[in-house]
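Step one of this worksheet: look at the structure below.
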There are 2 protein chains.
Amino acid sequence: MSVGIRDVARVAGVSTATVSRALGRGPVSDAVREQVEAAVRATGYRPNLSARRLRSKAAQTIGLIVADIRNPFFTAVSRAVEDAAYAAGMRVILCNTDEDPAREAMYLRLMEEERVTGVIFAPTKVTADGLRADSLSFPTVFIDRSGLPGAHDSVVLDNAAAASALVDHLVAQGFKRVGGLFGSTSSTARERQAGYAAAMLRYDLAPLARSVAPNATAAETEAVRWLSQPDRPEALILSNGLMLMGAVRAARTLGLAVPRDLALAGFDNEPWTDLVEPGLTVIEQPVAEIGSQAMRLLFERIEQPSQPVRKVTLSGRAVLRGSTRRG
Amino acid sequence: MSVGIRDVARVAGVSTATVSRALGRGPVSDAVREQVEAAVRATGYRPNLSARRLRSKAAQTIGLIVADIRNPFFTAVSRAVEDAAYAAGMRVILCNTDEDPAREAMYLRLMEEERVTGVIFAPTKVTADGLRADSLSFPTVFIDRSGLPGAHDSVVLDNAAAASALVDHLVAQGFKRVGGLFGSTSSTARERQAGYAAAMLRYDLAPLARSVAPNATAAETEAVRWLSQPDRPEALILSNGLMLMGAVRAARTLGLAVPRDLALAGFDNEPWTDLVEPGLTVIEQPVAEIGSQAMRLLFERIEQPSQPVRKVTLSGRAVLRGSTRRG
DNA sequence: GCAGGTTGTGAAAACGTTTTCATAAAGAAC
DNA sequence: GTTCTTTATGAAAACGTTTTCACAACCTGC
């Protein structure tokens, strides 16, 4: 049937141990190494990674658990994670949780069964708060969201500062009734909401915050409801790219001109945000950097399991466009 | 150290074989099954999937090889593939090739070493044309693109018809100098180009087609060059969503109003295409359907390896918006 | 010329499961 | 009551590698 290491050994005229050493790193003479390589070519041998993993206890596999790969933020991060993983000779198993704690639990169990080398995880708040430092049997780095302080390595945005910057800009433009629509499931949304509220209070303005599921349709529905009220906000901050899209839709539905009737600002500098007139003001997240930093932290954690927990905080960049220009 | 099936067996007072049967499907008495389940809970046992795969020769793993997960078309398809895979108890390994045949070859070799259950693959033209029916040691379904006729199962769009529909619409609107900018690496782009050219000829119009790398920046650069010429086209068809975005950017750069100075039509009904004024006319691809059909074909191929090769052709839906409305 | 490395190699154990084979017990058919 | 199935179980083999252990051959330093 299938050609195994024994066949290669027979063809090369050596033992299986020598073949294993020649293919991996081990002391073998140059002559033997060439013989083995020739035998591999001759037989078309392909190592069986399951057997290798079982014996060597090195899965060479990274788990990537995110809410939804269709969220462009996660798409971009995942690409950076995969590039780093494959560059290090590792595979990536991708999991979508849809912000559902039950699915998160299921995938975490799967990661255990796979005996993964490590995991990059964007947890919901409820899951993150339940995970103590020793809850997971594998090295884990949180991205975009953090959990209990000091429990896990993480790479996050300075969310409060970013939200604050948006408020600063809107207030400087003369907007006063600035509302905020934030996601309800992640620590990140909470931090953005807190940063927003704190900034508003600094200007002696009343924070007007609401929370919904962090997706486009939920945001659109809520925005339509909110903006139909007589005392509707004159500016709206959205806590991610999907929700920003929902808000744009809501403004269209209600016939509100941006920024004359409604100013809009949000997160995630997605390619389309500068194409929709008059351009959307957003906080740009360093998505590739988040992914690669997360992998760096993960690899360093794997090498030094007992080193202190680290949290890398990256700054967003405010990209100011027409959607927040004062009429 | 780690708890294995022997520990569970000892705690439950049965043999490892019985534990294995109780956990999988096998004839065991209800009493024993309960004992085993209790022992699993008591010990915190997690099966080692590498060992299971090695022995059972069932990897329960699907490989998904696409050009770039950041292309929203592939993002959406991948989500559908993953949903179907996890629903069937399988894992997904995701690979990005960047349209590079060398990386495609590398990932195909990886799939062999993983002994994957099957692969969903969007190959470049050069790789697809080199793959005969017996070139791959695992069941494979091509998506978005097809290879040698009858060599592999595939799920594709009726690309020629879709491109033709765009030409029909543009001509009906009164446009005559209709150009086409197509990707250079995939069979799909070729088919769209052919459909475009055939339709143009049907109207006694001269086809004006160019090919570039299928990404936003290459399309933008080429579009700027093309649209700067005195005899520039009055309408442009783009062969995917990224290129359509590049063309929108080019029009902005050159100060061309859409559709007055330039009509635009493309593929992929991405969420932003109706937000950028005056709305972009596109062919909507049934992305979720493509992913789930591909998985269906794959599973059926796994069950009946020798059944005839099948090709599922799905139709796109023309979404007509302002970008193609005549002056 | 000899003790003490170092280097290259093979035989066999080990990794943690599932599967095969054998067997005992229980039920069905006569 | 015998024989023939069927069902539930355990002992041991098997999956395809890597790693351990042992050892021989070759160096090095004196």
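Computed from a predicted model, the values in this text were never measured in an experiment. Just so it is clear: chains get the letters A, B, ... in the order the sequence lines come, proteins before strands, and each one is counted from 1.
A donor-acceptor pair shorter than 3.5 Å can be found between the side chains of Glu104(B) and Thr124(B).
Glu99(B) and Pro214(B) make their closest contact through OE2-CG, 3.8 Å (heavy atoms, listed as atom of the first residue, atom of the second, distance). Residues Val77(A) and Gly291(A) share a closest heavy-atom pair of CG1-CA, 4.0 Å.
Arg53(B) comes within 4.0 angstrom of nothing in the nucleic acid, heavy atoms only. As judged by a 4.0 angstrom heavy-atom cut-off over every strand, Arg46(B) is placed among residues touching the sugar-phosphate backbone only. At a threshold of 4.0 angstrom between heavy atoms, the contacts of Ser20(B) include nucleobase atoms, whether or not backbone atoms are also involved.
Here the side chain of Arg310(A) pairs no donor or acceptor atom with the backbone of Val155(A) at under 3.5 angstrom. In terms of modelled atom types and a separation under 3.5 Å, the side chain of Ser154(A) and the main chain of Lys311(A) share no donor-acceptor contact.
Nucleotides of DNA chain D nearest to Thr16(A) and Ala17(B) differ in position, and the one nearer the 5' end is that of Ala17(B). Mapping Ser56(B) and Ser56(A) onto DNA chain D by nearest heavy atom places Ser56(B) closer to the 5' end of the strand.
Other residues, nucleotides and ligands contribute more than 12 heavy atoms inside 6.0 Å of the CG atom of Asp134(B).
A salt bridge does not link Glu289(B) with Arg296(B): none of the charged nitrogens is closer than 4.0 Å to a carboxylate oxygen.
Contact between the side-chain N/O atoms of Thr18(A) and the OP1/OP2 oxygens of dG10(C) is found at a separation under 4.0 Å.
Contacts between chain A and DNA chain D, taken as any atom within less than 4.0 angstrom of a protein heavy atom, begin and end at dG16(D) to dT20(D).
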Could you walk me through whether Phe121(A) and Tyr107(A) pass the ring pair (Phe, Tyr, Trp, His ring centres under 6.0 Å) test, one step at a time? CA-CA 10 Å; Phe121(A) 185 20; Tyr107(A) 285 129; 9.6 Å; no
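Overall, the helix from dG1(C)-dC30(D) to dC30(C)-dG1(D) carries an axis bend of 20° between its ends, with five pairs at each end and the value rounded to 10°.
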